[in-house]
Amino acid sequence: MSPTVLHVRAETKPLEHRSSITPSIAKKLVDAGYVVNVERSSLSIFNDSEYEGTGASLVPEGSWTDVPKEHIIIGLKELPEEDFPLKHTHVQFAHCYKDQGGWQNVLSRFPRGNGTLLDLEFLEDENGRRVAAFGYHAGFAGAALSLMAWAHQLVHGKDSLLPGVKPYENENLLIDDVKKAVAEGKAKTGRLPRVLVIGALGRCGRGAVDLCVKAGLEDIIQWDIAETKAKQGPYQEIVESDIFVNCIYLSAKIPPFIDQASLASPQRKLAVVCDVSCDTTNPNNPIPIYDINTTFSEPTVPVKLGADATDLPLTVISIDHLPSLLPREASEAFSSALLPSLLELNDWKNARVWAQAEKLFKDKCAKLPESTA
């Protein structure tokens, strides 16, 4: 029986520096009997040379389209917006299972080419918990950028937006910059900001809270399901905080956390919203005050406030690949957590995690309009 071939494709999303399979994990897969081909990458935080000695083979960037159908294609972010049918089994985040904008076009490429999508977002253990996630580093990075944006607005004026940022080589460098920004903001206001995190008990929320603690903050409000169920939104507590970090996993329609009416409160201190969950195009988005994703090159977007609102500016961070701010640590943590499942790919149709992902894929495909299927 021929060994299973895993083809690690290079990421193409601008400023996406993470990798689905790190050099250390590539070596473990090779040692377990897999053939691992890694595309050369102009973006990855891991240099091509770091894969030398792992047993993996370096192949040309973008070569996944031409490899045999039996090869399993592993990536992170969604594929480029093209229309050709997909013939392979793809392991990736596709962002097309929750009625996101254009989901039919993304999903339909797989059945049209007799390919399969095994979506990383929906790989679950026996208890329904995701086997691997970037949540912790997403929350950590989102909170970091939120504090930078809050301070930048105070230091440079209400019409000045946080300039572009680049990935950090390590966590300590990021924390140093955040502490510097917070100190500058405190010098302007005489106080540290109040931060409210919703979803604080999850991976993402824990990352956001940990960043705030490491940055020296003292007023960190931590909410989870108990607090949001106690009363319906919109929540005045959000409006009266300086920064709101949304870290929930949205699975159903819920009342909005904030809206234009609540933002008109004369008690509003809210200056920065970081929607780490980033359900921008989801019709059930509980933060209906913005409608575009932001990027590392333009991290914030100003919110258009109503005529009754105070002149305090409000910006939103809605970057859908926040963990790439710390690409090395985020990749290592994710890839290590995913390894036990990766080791089952040689017989994935009989492995519970992957078989469950295939069933979900088929169920979603059944909902495709006939015109796209």
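This chain uses plain numbering: 1 for the first residue, then up along the sequence.
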Looking at residues at least two apart in the chain, or sitting in another chain, which of them share a side-chain hydrogen bond (donor to acceptor under 3.5 Å, both in side chains) with [X]?
{"X": "H17", "answer": "none"}
{"X": "Q267", "answer": "S265"}
{"X": "T65", "answer": "none"}
{"X": "H88", "answer": "none"}

Pair K13 + D320, salt bridge at N-O below 4.0 Å:
yes

So the ring pair (Phe, Tyr, Trp, His ring centres under 6.0 Å) pairs with at least one residue in residues 203-224 (sequence neighbours excluded) are W223-Y235

Look at the aromatic rings of Y97 and F122 and report parallel, tilted or perpendicular, splitting at 30° and 60°.
tilted

Would you call the rings of F93 and F334 parallel, tilted or perpendicular, where under 30° means parallel and over 60° means perpendicular?
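Judged by the thresholds at 30° and 60°, the geometry between F93 and F334 is tilted.
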
Run the ring-ring contact (aromatic ring centres under 6.0 Å, His included) test against Y51 and tell me which residues pass, sequence neighbours left out.
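Partners of Y51 by the ring-ring contact (aromatic ring centres under 6.0 Å, His included) criterion come out as none, since no residue qualifies.
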
Residues in ring-ring contact (aromatic ring centres under 6.0 Å, His included) contact with Y34, at least two apart in sequence or another chain:
none

For residues 237-265, pull every pair meeting salt bridge (Lys or Arg N to Asp or Glu O under 4.0 Å), keeping only residues two or more places apart or in separate chains.
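Listed once each, the pairs are R191-D242, K231-E237.
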
Give the table of side-chain donor-acceptor pairs shorter than 3.5 Å for residues 192-203, with sequence neighbours excluded, one pair per line with atom names and distance.
residue: R194; atom: NE; partner: D219; partner atom: OD2; Å: 2.8
residue: R194; atom: NH2; partner: D219; partner atom: OD2; Å: 3.4
residue: R203; atom: NH2; partner: R130; partner atom: O; Å: 2.8

Listed pairs under 3.5 Å, donor-acceptor, residues 297-317 side chains, sequence neighbours left out:
residue: S297; atom: OG; partner: T295; partner atom: OG1; Å: 2.9
residue: T310; atom: OG1; partner: R268; partner atom: NH2; Å: 3.3

Ignoring hydrogens and angles, write down the donor-acceptor pairs under 3.5 Å from the side chains of residues 166-177, residues two or more places apart or on other chains.
residue: Y168; atom: OH; partner: D177; partner atom: OD2; Å: 2.7
residue: N170; atom: OD1; partner: N172; partner atom: N; Å: 3.2
residue: N170; atom: OD1; partner: L173; partner atom: N; Å: 3.0
residue: E171; atom: OE2; partner: K214; partner atom: NZ; Å: 2.7

Show the numbers, then the answer: is there a salt bridge (charged side-chain N to carboxylate O under 4.0 Å, His left out) between K98 and E121?
CA-CA 11 Å; K98 296 191 290 185; E121 184 177 351; 3.4 Å; yes

For D159, all residues meeting salt bridge (charged side-chain N to carboxylate O under 4.0 Å, His left out), sequence neighbours excluded:
none

